[in-house]
Number of protein chains: 2
Amino acid sequence: MDYKFNSSVASLQPSAIREILKMTSKPGIISFSAGNPSAEAFPSKEIADIASDILRNDPVSALQYSITEGYSPLIEYLKEYMKGKNALHSDDAVIVTSGAQQVMALASKALCDSGDTVICENPSFIGSLNSFRAHGGKLKGVDMQPDGMDMDALEALLRSDKRVKFIYTIPNFQNPTGITMSYEKRIRLYELACQYDVIILEDNPYGDIRFDGEEIPTIKSLDKEGRVIYAGSFSKVISPGMRVGFGAANKDLMAKMVVCKQIEDVHTNILSQMIIHRYVTEYDFNAHLERIRKIYRHKAELMMSLADRYLCPEIKYNKVQGGLFIWATLPDNVDMTNFCLRLVKNSVAVVPGNAFSVEENAPSQSFRMNYSTETDENIAKGMQIIGETFKSCMDI
Amino acid sequence: MDYKFNSSVASLQPSAIREILKMTSKPGIISFSAGNPSAEAFPSKEIADIASDILRNDPVSALQYSITEGYSPLIEYLKEYMKGKNALHSDDAVIVTSGAQQVMALASKALCDSGDTVICENPSFIGSLNSFRAHGGKLKGVDMQPDGMDMDALEALLRSDKRVKFIYTIPNFQNPTGITMSYEKRIRLYELACQYDVIILEDNPYGDIRFDGEEIPTIKSLDKEGRVIYAGSFSKVISPGMRVGFGAANKDLMAKMVVCKQIEDVHTNILSQMIIHRYVTEYDFNAHLERIRKIYRHKAELMMSLADRYLCPEIKYNKVQGGLFIWATLPDNVDMTNFCLRLVKNSVAVVPGNAFSVEENAPSQSFRMNYSTETDENIAKGMQIIGETFKSCMDI
């Protein structure tokens, strides 16, 4: 039969990144395209011990249905975590989600009517952009500057568009650009949201893997009006395969997100919630964070030093202080798509920058490289290949 | 701030069942309200052994990101499982979901535009009804008969309504009525779907816990046109807390559902997928199914014999051959809501029938009882309390 799809979903394509991921799972490819945390950063032994203990001594709690909001002890931990950032208010509630991606889905499902505007940093994370699109959101992009969104462009958008539902931002080590929003801009962003009566969706999966510089307060910590939805994740700091993230927002807004989750997947895998709760409360989670920051600092510095050696000055890139990605930009006379295809032929995968464009199919001269997945040896090899491939593109 | 919610979601209330579940988690309450499988039916030891082995010997596979479609070996198993029911066609694809509930969410997200009609059995499972509502579906109910939906009423609806997107059915041991659709009606349903060019969403979480009578072929097995989306689940036969379900449908339709899942939760918890795959392929899953059918037969027969003793003939109920629920109906002169509230005061929880009405707030004289959660002792005690409470209602 001929299928007639939902009008917002009909034009949606699979995430280019996840399609590339499938391709790059072939042996021999050096993958700078994933957003995978380093396999050596998983606390595998501790997770194995905890899982074993739970399944032998308290199996029914881990195997039976649970409540939609999340495993209560984990929620209590998350409330304390948010309080530690001065980012939980007395009328806020916390939800445990099936990965932070689900916070974007629940927020847009709860808030967006078809045709509502969602303002996004441009470029931004494709998974979130597609979630907003699928829920009927009409995306408008605000270009990135070295210290975050262009606030004047944001204000102009807010002034001219009366259907803005929320502003989406990844303030720390943004995906894909690696940019961190300055404190001044966070304050301005919150003020603009108040002035134009819109919501902010603050997505912070990388905040805890800052390996350089000073932590900047979250936007949620500025929130006095229940205007900020905060999304956090254990994917980058413990394990992405477990699919445990969380959201924090005003309880009235959260109540609607809980209803939306109930009809989506009932609740998040309960064994994983229990494992994470025990890991963060019974083990030295801070020491673990220090250990993975050290891994990421080492890998980021390695990739940046190799970029300096093989890519610069023709290819420009942003220095990073955390997160997983380096954003590199080709000179105007090199065709980015052709360059990325050649790279794959030479067994190195990166993500073409237009995969992150708010306006679909907008041209881009940039590409995203991940430094957390590959071994040091492959990072060295891959960066050399990128340099050689770039030279071969220039020779034509 | 004042929140303005999505128009389909704004009026949505939390599932009455899950709210009751929260209430009945208090100690001392005999809960006939859950849809929980029996705790003694979980293969806890085997799951503990498998989890331990995976996390000690192959932790990275279980902790790293995976692909949206699902864990490949589990997909291969599910294809064979569906072929065993003659219900997988050469151009079908399978997806692993975060519980079968997610199949309903993905199907409605992929297919429904706001205002499209979804035809449902009346009464039906609240979680599915709310999922269709949240995705803009306008629900129309077809009353249940002892052998399934009233097919003449269905045809009249299909004839008069040109915006029907799909027909939702739970053909085996329907939730909440326990009714199984006859083979003749399954054939008629499929023919009507072809004639009026609509899709069928076949939700079959209870099919494998038939403990009496003969298995009836699935509607998917009749499908020659890629018109049936099949939803299955491991919640009732292995563990609901693990949140692993699956869908089978034509690959073009499935491709869109995969995109919808990608933006919802990226992929299903991978450790749980691996555990289930190993359990169903390396252990004697059929022997396990026989064991749990025996548990459910025993508990169902116990509850039915006690219903005969304490409830009949004034309260009528459907005899069941599988599933988890008994549907009971009060005489017209008893107020159902009042009866259910009195029951809770007397420490027994059931679900009021109007929680399952397709038309919200439609009156109901029925209530749903679950026999799988409580001990034999509590089933006996609870049924006696129901009988006494009913008598006290009659005395007024």
Side-chain angles (χ1 to χ4, degrees), chain A residues 1 3 5-7 9 12 14-15 18 22 36 39 42 44 47-48 51-52 55-56 59-60 62-68 98-99 101-102 105 109-114 127 130-131 134 197 225-227 239-243 252-253 256 258-260 262-267 269-272, chain B residues 1 3 5-7 9 12-15 18 22 36 39 42 44 47-48 51-52 55-56 59-60 62-68 98-99 101-102 105 109-114 127 130-131 134 197 225-227 239-243 252-253 256 258-260 262-266 269-272:
Chain A
M1 70 179 290
Y3 305 109
F5 294 113
N6 166 285
S7 47
V9 165
L12 219 61
S15 151
R18 298 200 71 79
K22 278 188 215 168
N36 292 7
F42 300 144
S44 306
I47 289 174
S52 180
L55 286 169
R56 296 206 191 278
V60 175
L63 299 176
Q64 190 55 281
Y65 276 117
S66 187
I67 59 169
T68 305
S98 302
Q101 175 77 36
Q102 198 176 46
K109 199 198 298 283
L111 290 167
C112 283
D113 272 308
S114 184
N130 275 344
S131 192
D197 195 25
E225 306 194 348
R227 199 173 280 292
S239 150
M242 292 169 87
R243 312 300 312 126
D252 296 335
L253 180 46
K256 208 49 93 177
V258 169
V259 172
C260 289
Q262 201 167 75
I263 56 167
E264 189 63 46
D265 65 3
V266 187
H267 66 77
N269 182 288
I270 180 75
L271 174 62
S272 292
Chain B
M1 71 179 289
Y3 304 109
F5 295 113
N6 166 284
S7 48
V9 165
L12 219 61
Q13 296 304 317
S15 152
R18 299 200 70 79
K22 277 188 216 165
N36 292 7
F42 299 144
S44 307
I47 290 173
S52 178
L55 287 169
R56 295 204 193 279
V60 175
L63 298 177
Q64 191 54 281
Y65 276 117
S66 187
I67 59 169
T68 305
S98 301
Q101 174 77 36
Q102 198 177 46
K109 199 198 299 279
L111 290 166
C112 283
D113 272 308
S114 185
N130 274 345
S131 191
D197 195 25
E225 306 193 349
R227 198 173 281 292
S239 150
M242 292 170 87
R243 313 300 312 126
D252 296 336
L253 180 46
K256 208 49 92 174
V258 169
V259 172
C260 289
Q262 201 167 77
I263 55 167
E264 189 63 45
D265 64 4
V266 187
N269 182 288
I270 181 74
L271 174 62
S272 291

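None of the values given here were measured: they were computed from a predicted structure. Reminder, nothing fancy here: chain letters follow the sequence lines and each chain counts from 1.
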**Q** Heavy atoms only, distances under 4.5 angstrom: which of Ala134(A), Gly226(A), Ser114(A), Ala110(A) has the most pairs with chain B? Name it, please.
**A** Ala110(A)

**Q** If you count heavy-atom pairs under 4.5 Å with chain B, which of Gln102(A), Glu225(A), Lys109(A) comes out on top?
**A** Lys109(A)

**Q** To the nearest 0.5 Å, tell me how far Ser272(A) OG sits from Ile270(B) CD1.
**A** 11.0 Å

**Q** Is any side-chain heavy atom of Leu12(A) closer than 4.5 Å to a side-chain heavy atom of Ile263(B)?
**A** yes

**Q** Give a yes or no answer on whether the side chain of Asp113(B) reaches the backbone of Ser7(A) with a donor-acceptor pair at less than 3.5 Å.
**A** yes

**Q** Only pairs of heavy atoms separated by less than 4.5 Å count here; which of Pro240(A), Ser239(A), Ala62(A), Ser52(A) has the most with chain B?
**A** Pro240(A)

**Q** Measure distances from Tyr3(A) to the heavy atoms of chain B and classify the residue's part below 4.5 Å as side chain, backbone, both or neither.
**A** side chain

**Q** Tell me, for Ser98(B) versus chain A, whether the close heavy atoms (under 4.5 Å) come from the side chain, the backbone, both or neither.
**A** both

**Q** Under the side-chain hydrogen bond (donor to acceptor under 3.5 Å, both in side chains) rule, collect the residues that match up with Gln101(A), sequence neighbours excluded.
**A** none

**Q** Tell me every residue that passes salt bridge (Lys or Arg N to Asp or Glu O under 4.0 Å) with Asp252(B), counting only those two or more places apart in sequence or in another chain.
**A** none

**Q** If you tally heavy-atom pairs under 4.5 Å against chain A, which of Pro59(B), Ala105(B), Ala48(B) wins?
**A** Ala48(B)

**Q** Is it the case that the side chain of Asn269(A) and the backbone of Met242(B) share a donor-acceptor pair, with hydrogens and angles ignored and the cut-off at 3.5 Å?
**A** yes

**Q** Can you tell me which portion of Cys260(A) sits under 4.5 Å from chain B's heavy atoms? Options are side chain, backbone, both or neither.
**A** side chain

**Q** If you count heavy-atom pairs within less than 4.5 Å of chain B, which of Val60(A), Asp197(A), Leu253(A), Leu271(A) leads?
**A** Leu253(A)

**Q** Go through the atoms of Ser44(A) and report whether side chain, backbone, both or neither lie under 4.5 Å from a heavy atom of chain B.
**A** both

**Q** Heavy atoms only, distances under 4.5 angstrom: which of Cys112(A), Ala39(A), Ala51(A) has the most pairs with chain B? Name it, please.
**A** Cys112(A)

**Q** Please round to the nearest 0.5 Å and tell me the distance separating atom CD1 of Ile47(A) and atom CG of Leu63(B).
**A** 4.5 Å

